[in-house]
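What follows is a single structure, written as structure tokens, with notes after it.
Values in this document were obtained by computation on a predicted structure and should not be read as measured data.
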Amino acid sequence: TLIQIAAYLERTDRTLRRWDIEKNVELNRMNVTYQAMCDKVSCDASMVAVGFKNGSFTVLDGMLREVLVPNTRNRRRRVNSIAFSPNAQYLAMAVENAIDVYTVAGAKDASFPPTLKSATTSPLDCVKIGSCLGHTGFCKKLDWNIASTLLQSSGDSYELIYYSVPDCRMVTGTRQLADQQWLTQT
């Protein structure tokens, strides 16, 4: 079977759209509550995280049919970048010079993708486990190592900073970073 190559596009009209890149057609669309600033698909394409202008985020299923994590807001400024770890157990969200890290419980359960049982039940549980601090400017890009244990971030002040996860501590030794393979870094 062929894997469908899809792209997600956040729009200022408060919609998130899923496109078939090869055929150049819109596959799905979902209305969102706030203006989206960034989005990222999990490695298995089962989830899409969306960061909003008001500092909140949500997690949707990969087909844009249901909300897996309702709007969650721990910051007041716009989300600059958002990224799932390769194993989908963590979600990192950059807001200004801080990166909040969340656990994503339920993403690897045998029953995934779940179905909503009621309007008050969330199929996934996103819990903030810490904040990665150290940037002097806005954090713009996030990347995970393949093992989902290190987070790499860069910002508008030309800093490249590494953090260990889940403890959210800055990593300064080069020995730990020398042989790392990163998810999106080329």
Side-chain angles (χ1 to χ4, degrees), residues 1-10 16 18-19 21-22 37-51 57-64 68-69 72 74 79-95 97-114 123-135 137-186:
T1 62
L2 294 175
I3 296 174
Q4 183 179 45
I5 300 172
Y8 296 83
L9 177 65
E10 69 273 356
L16 184 68
R18 184 171 162 262
W19 287 82
I21 294 175
E22 293 176 342
M37 301 304 293
C38 56
D39 62 72
K40 189 62 83 171
V41 181
S42 62
C43 287
D44 64 359
S46 64
M47 300 178 286
V48 180
V50 184
F57 74 93
T58 190
V59 178
L60 310 169
D61 76 299
M63 301 299 284
L64 300 183
L68 302 178
V69 176
T72 302
N74 290 317
V79 178
N80 296 324
S81 184
I82 198 162
F84 283 104
S85 62
N87 64 9
Q89 292 179 344
Y90 299 106
L91 177 66
M93 180 182 82
V95 178
N97 61 349
I99 303 163
D100 292 337
V101 179
Y102 297 81
T103 59
V104 182
K108 292 295 178 187
D109 291 348
S111 62
F112 193 80
L124 295 180
D125 193 20
C126 255
V127 177
K128 183 177 172 182
I129 58 171
S131 294
C132 301
L133 305 173
H135 278 280
F138 279 26
C139 181
K140 298 283 188 181
K141 301 287 182 192
L142 299 172
D143 197 8
W144 289 90
N145 72 335
I146 298 299
S148 300
T149 58
L150 293 172
L151 182 62
Q152 171 180 254
S153 62
S154 60
D156 61 1
S157 58
Y158 303 104
E159 298 167 312
L160 181 60
I161 301 178
Y162 301 91
Y163 302 94
S164 62
V165 176
D167 60 3
C168 297
R169 291 188 183 174
M170 192 182 300
V171 177
T172 55
T174 57
R175 180 176 293 164
Q176 191 176 2
L177 304 171
D179 296 324
Q180 292 298 319
Q181 291 185 334
W182 298 93
L183 185 62
T184 62
Q185 180 180 333
T186 57

N80 CG to D156 CG distance, which is reported to the nearest 0.5 Å: 8.5 Å
Any donor-acceptor pair under 3.5 Å from S42 side chain to M47 backbone: yes
Heavy-atom closest contact (M93 atom, V79 atom, distance): CG-CG1, 3.4 Å
Heavy-atom pair of closest approach, residues A83 and K40: CA-CG, 3.9 Å
Y162 and N145: CA distance, side-chain angles, deciding distance, side-chain contact (heavy atoms from CB on, under 4.5 Å) verdict: CA-CA 10 Å; Y162 301 91; N145 72 335; over 6 Å; no
Atom pair CD1 (I82) and CD1 (I99), whose distance is rounded to the nearest 0.5 Å: 12.0 Å
Set of residues satisfying side-chain hydrogen bond (donor to acceptor under 3.5 Å, both in side chains) with respect to D179, sequence neighbours excluded: none
side-chain contact (heavy atoms from CB on, under 4.5 Å) partner of T103, chosen from V127, D125, L91, L124: V127
Gap between atom OG1 of T72 and atom NZ of K128 - 0.5 Å precision: 11.5 Å
Separation of Q152 CD from T184 OG1 (nearest 0.5 Å): 7.5 Å
Candidate pair L150 and S164, rule side-chain contact (heavy atoms from CB on, under 4.5 Å), full reasoning: CA-CA 5 Å; L150 293 172; S164 62; 4.2 Å; yes
Taking every non-hydrogen atom, the tightest pair across P86 and W144: CD-CB, 3.4 Å
side-chain contact (heavy atoms from CB on, under 4.5 Å) assessment of V59 paired with V104: CA-CA 10 Å; V59 178; V104 182; 6.0 Å; no
F57: ring pair (Phe, Tyr, Trp, His ring centres under 6.0 Å) partners, not counting sequence neighbours: Y102
Interatomic spacing from OG1 in T149 to OH in Y163 - rounded to 0.5 Å: 15.5 Å
Nearest heavy atoms of G62 and V48, plus distance in Å: CA-CG2, 4.0 Å
Heavy-atom pair of closest approach, residues Y90 and V101: CD2-CG1, 4.2 Å
Exam field: side chain S153 to backbone C139, donor-acceptor pair closer than 3.5 Å: no
More than 12 heavy atoms from other groups under 6.0 Å of NZ on K141: no
Counterpart residues, salt bridge (Lys or Arg N to Asp or Glu O under 4.0 Å), relative to D143 (two or more places apart): none
Side chain S85, main chain S148, donor-acceptor under 3.5 Å: no
Test item: T58 side-chain N/O and V69 main-chain N/O as donor-acceptor pair under 3.5 Å: yes
Pairwise distance OG1(T172) to CD1(I161) - rounded to 0.5 angstrom: 11.0 Å
